[in-house]
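These figures come from a predicted structure and were not determined experimentally. When reading the values below, keep in mind they use all heavy atoms of this one structure, side chains included, and skip hydrogens, waters and symmetry mates.
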Amino acid sequence: MVTVRLVVIGPWKNPRSKVYWFRRRVPAKYRRFGMPAEIKFSLGTTDLEEAKILCQEENLKLEREWRVMAGQQPTQLTHLAFEVCQKGG
């Protein structure tokens, strides 16, 4: 059995535009690959529920990319595991 540890993050609302953004600190072990200290970009929505889903999808993409960089096998999450991650437990 493989244990998967994912960081669950939420969207950040830009106070000026009211649009939600994805923001994630890049772990130090991945910065050696030339990545910046933080990754941030607009999710293109003002709807919180949509932003939560988009944020988790983008986070999973990043986690998979980082695992490949580190020489690990990317993890495929089932729908149920994704739901558990969203609920925080």
Taking every non-hydrogen atom, the tightest pair across P11 and C55: N-SG, 3.7 Å

side-chain hydrogen bond (donor to acceptor under 3.5 Å, both in side chains) against K18, all qualifying residues, sequence neighbours excluded: none

Partners passing side-chain hydrogen bond (donor to acceptor under 3.5 Å, both in side chains) against R23 (at least two apart in sequence or in another chain): E38

Value rounded to 0.5 Å, distance of OH in Y20 from CH2 in W12: 11.5 Å

Verify same cluster id: W21, I53 (apolar side-chain graph, 4.5 Å): no

Heavy-atom pair of closest approach, residues G44 and V19: N-CG1, 3.9 Å

Minimum-distance pair of heavy atoms, taken over all atoms of L54 and L43: CD1-O, 3.7 Å

Stepwise side-chain contact (heavy atoms from CB on, under 4.5 Å) test for L62 and F22: CA-CA 11 Å; L62 266 179; F22 175 88; 3.6 Å; yes

Sequence-distant partners of D47, side chain to side chain contact (heavy atoms under 4.5 Å, CB included), two or more places apart: T45, E49, E50

Partner residues of E65 under the side-chain hydrogen bond (donor to acceptor under 3.5 Å, both in side chains) criterion, sequence neighbours left out: none

Distance in Å, L60 CG paired with E57 CD, rounded so as to fall on 0.5 Å steps: 8.0 Å

Residue pair E58, K61: steps toward the side-chain contact (heavy atoms from CB on, under 4.5 Å) verdict: CA-CA 5 Å; E58 294 298 332; K61 288 179 193 176; 3.3 Å; yes

Qualifying residues under side-chain hydrogen bond (donor to acceptor under 3.5 Å, both in side chains), relative to S42, sequence neighbours excluded: none

